[in-house]
Amino acid sequence: DLQEKGQAESLVRQPEVAASTPGVVAPVKAASAPRGAENKIPVISPEVTQVFVPPASGMVQGSFFYRPMLLVSGNGSYVNARLKVDENMPFTILWPFLDGPVPVDWEQGFDLPAGHGALEKEPRGENPSFEAPPSVMTSGKELVRLGREAHKWFVRTKRYELFESPSLKMVSSAGESEGNFRVRLQQAVREARDEAVAKLREKYGKKIETLQGQIDRAELTVQREEQQAKSEKLQTAVSFGATLLGAFLGRKAIKTSSIGRATTAARGVGRSMRAQEDVALAEQKLTDLQAKMEEMEAEFEKEAAALQGTEDPSAQPLESVTVRPSSTGTVLHLAALAWVPFVEELNGGLKPAWKP
């Protein structure tokens, strides 16, 4: 990334990355040969705070050449009510000093990942040498002024971009990649669909449960009506049999009792017919309820399929939104003269001894 790329490409500045990433600015360019090197720390006004940047872990030995740079650290405040962003991001930035009337080129700053918590009070290595600081660093007032300028530069330039999904009304987190954000969107979509399907099941479940109860009762009614119809049919058959038997066995004129039995048998035929009609009505009601159940299940499947078949919002294009630091919320905790370690290369140039 920026750190490895900076070392691999001789620490060439990349302003495009710096402009869009909070707390990260362009790596420092390879330093030129030392100027006015001394073997002791230059005497500076006690009003000027001094700190030492430690070398990288693999470069703790050797003779270091320390160059003075401007260092500021603090917290950048990023607030956006619409996007529900409320972030405080720590930063520590270094700027090389320039020769001439303008002591700092603000576009040449670079991030110090370790933060000011790793800064030290003493130099490292054997027989370190030091470059003379610029004349502006002999005054504590000038350091305060540069700190104010650094604050203005940070507020003006250190915005960062977020990804927004308008359809899902979700915004990426600070530092979250587009890929990771889309994974989070997909998870949100799945959870939303599962919740919608659960609500759909609850909605239809109650209706289906009620309808199933009606079907169960209708089936019992059909069974009862069929049983009753069989009973009526059997009773009618017995009545007819008794009447016919009496008629065949009697050698005299038909008695009154035979007529009564015939009348009873005739009534049984009527009851049997009505019982068959009741069976047919019960069966028709059961059929209607079963058809209604099939229709309701089909509606549920259709609505569930519609939920599953909608276009995935997480695959839709994302919008880019910019979050800028707040001037009042962004605070500088430290403005100091930082001694930064380098090592001399064979060609006479200087290579950073820390990991920018």
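The aromatic rings of Phe154 and Phe91 sit parallel to each other, their planes meeting at less than 30°, with 60° as the upper class boundary. Trp153 and Trp95 have perpendicular rings, their planes meeting at more than 60° on a 0 to 90° scale where under 30° would count as parallel. Ring-plane geometry between Phe130 and Phe52 is classed as perpendicular, the angle between the planes exceeding 60 degrees on a 0 to 90 degree scale with a lower cut at 30.
Contact record, Pro128 with Gly125: CD-O, 3.9 Å, taken as the closest heavy-atom pair. Among all heavy-atom pairs drawn from Ser63 and Val343, the shortest one is O-CG1, 4.3 Å. When all heavy atoms of Ile44 and Pro133 are compared, the closest pair comes out as CD1-CG, 3.8 Å. The nearest pair of heavy atoms linking Leu318 to Phe163 is CD1-CB, 3.9 Å. The shortest non-hydrogen separation linking Val72 to Ala150 is CG1-CB, 3.8 Å. Heavy atoms only, all atoms of each residue included: Glu161 and Ser320 are closest at OE1-OG, 3.0 Å.
One distance of note links CD of Glu319 with CD of Glu164; it measures 5.5 Å at 0.5 Å rounding. Atom CD1 of Ile215 and atom CD of Gln212 lie 5.0 Å apart (nearest 0.5 Å). Rounded to the nearest 0.5 angstrom, Glu87 CD and Asn80 CG are separated by 11.5 Å. Atom CG of residue Leu70 and atom CE of residue Met137 lie 6.5 Å apart, to the nearest 0.5 angstrom. Summarising the geometry, atom CE belonging to Met170 is positioned 13.0 Å from atom CG belonging to Leu83; distances are rounded to the nearest 0.5 Å. Between the CD1 atom in Ile93 and the CG atom in Leu112 there is a gap of 10.0 Å [rounded to 0.5 Å].
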Working for side chain to side chain contact (heavy atoms under 4.5 Å, CB included), residues Met69 and Val53: CA-CA 10 Å; Met69 294 187 185; Val53 174; over 6 Å; no
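Residues in residues 182-222 take part in these ring-ring contact (aromatic ring centres under 6.0 Å, His included) pairs, two or more places apart or across chains: Tyr204-Phe300. The salt bridge (Lys or Arg N to Asp or Glu O under 4.0 Å) pairs that include a residue from residues 142-152 are Glu142-Arg145, Glu149-Lys152, where partners are two or more places apart or lie in different chains.
Residues meeting the ring-ring contact (aromatic ring centres under 6.0 Å, His included) test with Phe181, sequence neighbours left out: none. By the salt bridge (Lys or Arg N to Asp or Glu O under 4.0 Å) test, Glu299 pairs with no residue at all, sequence neighbours left out. By the side chain to side chain donor-acceptor pair (under 3.5 Å) test, Gln223 is found to be paired with no residue, residues two or more places apart in sequence or in another chain being considered. In this view, Lys207 and Lys203, Met296 satisfy the side chain to side chain contact (heavy atoms under 4.5 Å, CB included) rule, not counting sequence neighbours.
Two residues are said to be in side-chain contact when any heavy atoms from C-beta on lie closer than 4.5 Å; Tyr78 and Lys158 meet this criterion. Side-chain contact between Val340 and Tyr66: absent, with no pair of heavy atoms (C-beta onward) separated by less than 4.5 Å. A heavy-atom distance below 4.5 Å is found between the side chains of Leu334 and Leu119. Annotation: side chain of Pro55 is in contact with side chain of Phe64 (closest heavy-atom distance under 4.5 Å). Within the 4.5 Å cutoff, no side-chain heavy atoms of Val136 are placed close to those of Leu143. For the pair Val189/Leu168, a side-chain contact is recorded, criterion being any heavy-atom separation below 4.5 Å from C-beta on. Counting heavy atoms from C-beta outward, Leu98 and Pro103 have side chains that stay 4.5 Å or more apart. Looking at Pro134 and Pro68, their side chains come closer than 4.5 Å, going by heavy atoms from C-beta outward.
Both Met293 and Leu200 are assigned to one and the same hydrophobic cluster, defined by single-linkage of ILVMFWY side chains at heavy-atom distances under 4.5 Å. By the rule that hydrophobic residues join a cluster once side-chain heavy atoms approach within less than 4.5 Å of another member, Val321 and Tyr160 end up as members of one cluster. Residues Leu94 and Leu350 share a hydrophobic cluster, clusters being chains of Ile/Leu/Val/Met/Phe/Trp/Tyr side chains in contact below 4.5 Å. Residues Ile208 and Val197 fall within the same hydrophobic cluster, defined by Ile, Leu, Val, Met, Phe, Trp and Tyr side chains chained together at heavy-atom separations under 4.5 Å.
Taking the centre of each ring, Phe342 and Phe65 stay at or above the 6.0 Å mark.
In summary, the side chains of Arg190 and Gln187 do present a donor paired with an acceptor at a separation below 3.5 Å, with no hydrogens or angles considered.
Remark: the backbone N or O of Ser139 is not paired with any side-chain donor or acceptor of Ser45 at under 3.5 angstrom.
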